[in-house]
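For ligands, and for the atoms within them, numbers begin at 1 and follow the listed sequence.
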Amino acid sequence: MGFFITFEGVDKAGKSTQIRLLAKRFQEMGKAVLCTREPGGTPLGEEVRELVMKNRAENIADETELLLFSASRAQLLRERIWPALEEGQVVLCDRFADSTTAYQGYARGMDLAFIRQLNQFALGNRWPDLTILLDLTVEESFARLDNVLKATAADSDRFEIEGRRFHEAVRNGFLQIAKENPRRFVTFSAAKPVEELADEIWSAVSRRFL
Ligand code: TMP
């Protein structure tokens, strides 16, 4: 059995950069690594990603949004993550079930107990071995997002256009989930320089798995 590590945090906390750096360290040790993301990671999941993230004229009901994220997750686990773990690979996933609890639960205000049940259903009760929370203030997250939007002329997605209160609720939601799951979570300040953060993450990961 391989091991399963997820990365969580507000937008622009640097999750994908840290996943890339961690994957490189594992690969240098000769380990096979699957890097994937949510929503997405499978052909079906990538279609769901497009559906749920793109700004559209019609309103997406909160219930629909919750089910779409869960559908993408159920597929990704069965099609890619479980087979990779069976083969002994390291799986690094950019966002996972805790994002549903933070965004749809804490920020949208949907029922947390129901979300927990839905997550269990999609996960078949196989939770990640380790979750790395990259914590960042909402101010810093907004400032980084602004820079990216200016530099790339990209459009904001359905979550990026949400206001400060929504993103504060997401951040506090993640901190609360981490507090409730101290054995699974390790929290880092995402305001640190990239390489310093990568070293800290590597120490935590090697302590746990190597
Ligand atoms: P990202 O891949 O750029 O992080 O964007 C994914 C967006 O979707 C992000 O704003 C968080 C949101 N999201 C949820 O609201 N619920 C979920 O379960 C997941 C996986 C993501």
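- Summarising the contacts of atom 3 (O) of ligand 1 with R37, E38, R49, E162, the nearest heavy atom is found in R49.
- Taking the six-membered ring where the residue is Trp, Y103 and F159 present perpendicular rings, their angle passing 60° and hence far from 30°.
- Within the structure, ligand 1 has R73 among the residues with a heavy atom less than 4.0 angstrom away.
- Less than 4.0 angstrom separates some heavy atom of T100 from each of these atoms of ligand 1: 17 (C), 18 (O).
- Residue contacts with ligand 1: D94 is placed with no nitrogen or oxygen under 3.5 Å of a nitrogen or oxygen of the ligand (distance criterion only).
- Every atom of ligand 1 with a heavy atom of D11 under 4.0 Å away is listed here by number and element: 4 (O), 9 (C), 10 (O).
- The closest protein non-hydrogen atom to atom 10 (O) of ligand 1 is F159 CB, 3.2 Å.
- Between the side chain of R108 and the main chain of D62, no donor-acceptor pair closer than 3.5 Å is present.
- Nearest to atom 21 (C) of ligand 1 by heavy atom, out of F7, F69, Y103, is F69.
- Atom 16 (N) of ligand 1 has its closest protein heavy atom at Q104 OE1, 2.8 Å.
- For R73 and T100, the side-chain atoms include at least one donor-acceptor pair closer than 3.5 Å.
- Scanning the protein heavy atoms around atom 4 (O) of ligand 1, the nearest turns out to be R95 NE, 2.6 Å.
- With respect to the salt-bridge test (charged N to carboxylate O, under 4.0 angstrom), the residues R49 and E38 do not qualify.
- Nearest heavy-atom pair, A122 versus L77, reported as atom, atom and distance to 0.1 Å: O-CD1, 3.4 Å.
- E46 contributes a side-chain N or O that, together with a main-chain N or O of G41, makes up a donor-acceptor pair within less than 3.5 Å.
- Within the 6.0 Å centre-distance limit, the rings of F26 and F3 are counted as a close aromatic pair.
- Protein heavy atom in closest approach to atom 5 (O) of ligand 1: M53 CE, 3.3 Å.
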